Amino acid sequence: MTDFYHLPSSCSVAVKAALAATGEEHTQITVDLASKSEAFLAANPLGKVPALVVNGQALTEGGAINLWLSARHPDAGLMPDLASPEGAEALKWLFFAYASLHPVWVRIFYPERFGGDEGKAMARKLAVKELLRLYALVAAQLEDSAFIAGDTLSLADLYLAATIHWEGQLEDALTARWPVLADHRDRVRTHPGIARGFAGEFGYAAA
Ligand SMILES: N[C@@H](CCC(=O)N[C@@H](CS)C(=O)NCC(=O)O)C(=O)O
């Protein structure tokens, strides 16, 4: 039995997409961040999505959850052989997405955590600057390839495509500056197997 704790239009969309692509059976539980249930906090004491509870074992960290799902379902083709050069490239971008990019988005969503009430405007301003530096790398990579780690979709694409939808948080849209990001977002969210994960999210019609 698998329970998936999900917040619509958040980073947990990447796990929703991997669940759809792998066909892993699960029950989706929508989280209300303003009123966290005991079961959700037991799954992740930090009170963050995504969390997966598999036969009583709690899994957190979106990148780890998705790597585990992909290892369980190699036929879904969500990652190349990790020991190959392609695998190294896909892992590099997966960790870039979760370890470098996501924390910067957190600074934009919750600037008061980093600067308090007095410093939150500056915390947010510096985060936007850093975010643009990181998406410049993503955009440069996507000038030459359809997906972030080459011509085949991999797990980092799921997370990146979700985050590009958050550009409404910024004064200047990422996709206006880098149209390749819009192409990538649309390529991923309409990809066979993945599309069901994005359905009902970010204003798209439900499946
Ligand atoms: N390192 C965690 C971060 C998870 C995370 O920050 N999730 C956000 C939604 S995108 C959340 O639940 N935020 C609520 C909060 O920070 O209070 C992961 O990659 O899974």
Side-chain angles (χ1 to χ4, degrees), residues 2-22 24 26 28-54 57-72 78-79 90-117 119-120 123-124 127-128 130-131 134-135 138 148-149 154-170 174 181 185 188-189 194 197-204:
T2 296
D3 286 339
F4 166 46
Y5 290 92
H6 173 57
L7 178 69
S9 302
S10 78
C11 58
S12 61
V13 172
V15 169
K16 187 173 166 227
L19 286 164
T22 56
E24 176 84 25
H26 65 281
Q28 184 172 305
I29 300 163
T30 300
V31 166
D32 176 0
L33 286 183
S35 164
K36 297 169 185 163
S37 70
E38 267 181 41
F40 173 50
L41 288 171
N44 188 354
L46 294 178
K48 294 174 195 273
V49 293
L52 212 60
V53 181
V54 185
Q57 181 183 11
L59 313 179
T60 58
E61 300 298 334
I65 292 171
N66 274 358
L67 269 177
W68 182 76
L69 286 171
S70 125
R72 253 164 94 81
L78 290 175
M79 282 299 267
L91 280 171
K92 177 182 84 178
W93 286 107
L94 183 66
F95 279 75
F96 171 89
Y98 282 95
S100 292
L101 195 53
H102 190 70
V104 185
W105 275 111
V106 176
R107 285 159 57 191
I108 286 169
F109 282 114
Y110 302 102
E112 69 287 354
R113 290 184 187 170
F114 300 87
D117 268 349
K120 67 182 177 189
R124 188 183 181 286
V128 171
E130 177 65 359
L131 199 70
L134 298 176
Y135 278 103
V138 172
I148 194 67
S154 66
L155 290 176
D157 293 297
L158 306 185
Y159 172 83
L160 284 174
T163 67
I164 293 165
H165 290 87
W166 299 337
E167 63 179 350
Q169 296 288 326
L170 308 172
L174 296 170
L181 295 185
R185 174 198 63 200
V188 174
R189 75 165 182 85
I194 300 298
F198 279 80
E201 307 287 343
F202 307 114
Y204 299 123

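Keep in mind it's a predicted model, so treat the numbers as computed, not measured. Just so you know, ligand 1 is whichever comes first in the structure, and atom 1 is the first atom listed for that ligand.
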Shortest protein contact, [atom] (heavy atom only):
atom	answer
atom 9 (C) of ligand 1	Cys11 SG, 3.6 Å
atom 13 (N) of ligand 1	Tyr110 OH, 3.7 Å
atom 7 (N) of ligand 1	Val49 O, 2.8 Å
atom 18 (C) of ligand 1	Glu61 OE1, 3.3 Å

Q: Measure from the side-chain N and O atoms of Ser9 to the backbone N and O of Phe202, and report whether any donor-acceptor pair falls under 3.5 Å.
A: yes

Does some side-chain heavy atom of [Y] sit less than 4.5 Å from a side-chain heavy atom of [X]?
X	Y	value
Lys16	Gln28	yes
Leu170	Leu131	yes
Glu167	Arg185	yes

Does an N or O from [X], backbone or side chain, lie closer than 3.5 Å to an N or O of ligand 1?
X	value
His102	yes
Arg113	yes
Lys48	yes
Gly62	yes

Q.
Which label fits Tyr204 and His165: parallel for a plane angle under 30°, tilted from 30 to 60°, or perpendicular past 60°?
A. perpendicular

Q | Leu33 and ligand 1 - part of the residue with a heavy-atom distance under 4.0 Å | A | side chain

Q: Run the numbers for me: atoms of ligand 1, each under 4.0 Å from some heavy atom of Pro50, listed by number.
A: 20 (O)

Q) Is Gly63 in contact with ligand 1, taking contact as a heavy-atom separation below 4.0 Å? A) no

**Q.** Straight-line distance of Leu160 CG to Tyr135 OH, nearest 0.5 Å
**A.** 6.5 Å

Q) Do you know which two heavy atoms are closest between Ala58 and Ala43, and how far apart they sit? A) CB-O, 3.5 Å

